[in-house]
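I have placed the structure first, in the form of structure tokens, so that the comments after it can refer back to it.
Bear in mind the structure is a predicted one, so any value in this text is a computation, not a measurement. Order of listing sets the numbers, starting from 1, for every ligand and every atom in it.
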Amino acid sequence: MKIAIAGGTGTIGRRVVSAVESAGHIPLILSRRTGIDVLDGAGLVDAMSGVDAVIDVSSTPSMRTNTAVEFFTRATKNLLEAGRLVGSTHHVALSIIGALAVDAQYYAGKAAHERLLMDLPDGYSLLRASQFHEFAGQLTARMGIGALHFAPRMRSQPVSTTEVAAELVKLATGEPQGVVADLAGPREERMADLVRAQLAHDAGRAQRVIEVPLPGPMGRAMRDGSLLPGPGARLGSETFADWLNAQGRPNA
Ligand SMILES: NC(=O)c1ccc[n+]([C@@H]2O[C@H](COP(=O)([O-])OP(=O)(O)OC[C@H]3O[C@@H](n4cnc5c(N)ncnc54)[C@H](OP(=O)(O)O)[C@@H]3O)[C@@H](O)[C@H]2O)c1
């Protein structure tokens, strides 16, 4: 099969590309770095010629409601339309546990994304996952000021991107299933502890991290457990500690 991966150069996207190759299929990476902007859609149909299924793991770094809604709405519509024109019969998308209910800031983009798919009669599979193990590192890249490190007050059950990627590829190579059971990691963690562990791992010594409650509905959802998996969720096996121990130290 030829499988297009929108966002195939990103955090989970790179894992999805590897999983597609390991399963003996042909990946096609759609990202600005490979010359395709899913927002303007130029060249998308030509690039997607011969594609059987699409896995959408593209994203915007913006936390602003309007920007996030605009990104996920336009990207999803462009990918669905291009998929239809090239005869691709399956669109697989990744969302976040709890985003639909929060429906604000970045999660408003994910909620809009989910609704576009759930309005389709068929032809899609939608997986919701918890934060990736890499999320703590994504936060440190965005929330630090000089030597000061911050982490949001947040309850999370982070999951392995290898496990999520394998699930996305399994979905893409099967029949469309609509919304499938959520996928989270094996245990609940406090995000500030994960950020501390990530920073200590990267620097080779302990780092002070200030835990802050983030404002707005997204910050409230982070604190109150709205982003944790519910009773029907499947749990992966790799813990954050296992994952971090397996990472080489930067510049080591
Ligand atoms: N991070 C988490 O903890 C987490 C947890 C659960 C679900 N998710 C979901 O997983 C998905 C991917 O998240 P991520 O953390 O892997 O994102 P990421 O690392 O920020 O990667 C984003 C990807 O999107 C591509 N992209 C951005 N704008 C684009 C555009 N206009 N046209 C084409 N490609 C574009 C980027 O490539 P270029 O820059 O080359 O364009 C990159 O490959 C998102 O839908 C997110 O909501 C994330």
Side-chain angles (χ1 to χ4, degrees), residues 4-19 27-44 47-48 54-63 67-79 82 91-100 102-103 105-114 116-117 126-143 151-152 154-165 167-168 171 180 182-185 189 191 194-195 198 218 221-222 226-229 233 236 240 243:
I5 302 110
T9 54
T11 307
I12 179 104
R14 292 189 293 267
R15 303 277 180 203
V16 173
V17 171
S18 300
L28 170 74
I29 300 174
L30 304 172
S31 92
R32 289 167 302 180
R33 262 168 282 176
T34 62
I36 296 291
D37 186 334
V38 293
L39 291 183
D40 72 16
L44 197 51
M48 281 174 56
V54 175
I55 300 176
D56 181 13
V57 285
S58 62
S59 186
T60 172
S62 177
M63 295 296 131
T67 311
V69 170
E70 173 77 3
F71 179 90
F72 285 107
T73 301
R74 280 176 57 190
T76 305
K77 284 184 176 172
N78 284 341
L79 287 167
H91 182 102
V92 178
L94 180 63
S95 193
I96 304 171
I97 294 171
L100 186 62
V102 180
D103 198 3
Q105 299 163 281
Y106 179 81
Y107 294 151
K110 298 307 297 180
H113 185 187
E114 290 195 19
L116 278 170
L117 296 180
L126 173 61
L127 172 68
R128 300 179 181 118
S130 55
Q131 289 66 48
F132 305 149
H133 292 325
E134 289 85 345
F135 185 82
Q138 291 176 323
L139 283 175
T140 62
R142 289 172 194 164
M143 286 186 77
M154 179 174 188
R155 298 173 64 193
S156 176
Q157 196 154 322
V159 67
S160 150
T161 43
T162 305
E163 292 173 16
V164 175
E167 181 61 20
L168 290 170
L171 287 170
V180 301
D182 295 350
L183 182 58
E189 312 269 9
M191 190 53 65
L194 305 188
V195 169
Q198 179 75 59
M218 201 170 152
M222 287 175 166
S226 301
L227 307 179
L228 293 172
F240 178 85
W243 171 80

When you measure from the side chain of Thr34 to the backbone of Ile29, do you find a donor-acceptor pair of N or O atoms at a distance under 3.5 Å?
yes
Residues at least two apart in sequence or cross-chain that pass side chain to side chain donor-acceptor pair (under 3.5 Å) with Gln131, listed by chain then number, are Ser156
Taking ring-ring contact (aromatic ring centres under 6.0 Å, His included) as the test, write out the residues that go with Tyr107, two or more places apart.
none
With a 4.0 Å heavy-atom cut-off, what residues sit around ligand 1?
Gly7, Thr9, Gly10, Thr11, Ile12, Ser31, Arg32, Arg33, Ile36, Asp37, Val38, Leu39, Val57, Ser58, Ser59, Phe71, Phe72, Leu94, Ser95, Ile96, Tyr106, Lys110, Ala129, Ser130, Gln131, Phe132, Phe135, Gln138
For Thr11 and Glu134, which I'm curious about, is there any donor-acceptor pair between the side chains at under 3.5 Å?
no
Under 6.0 Å between ring centres, would you say that holds for Phe72 and Tyr106?
yes
Going by side chain to side chain contact (heavy atoms under 4.5 Å, CB included), name the residues that satisfy it together with Ala108, two or more places apart in sequence or in a different chain.
Thr65, Val69, Asp103
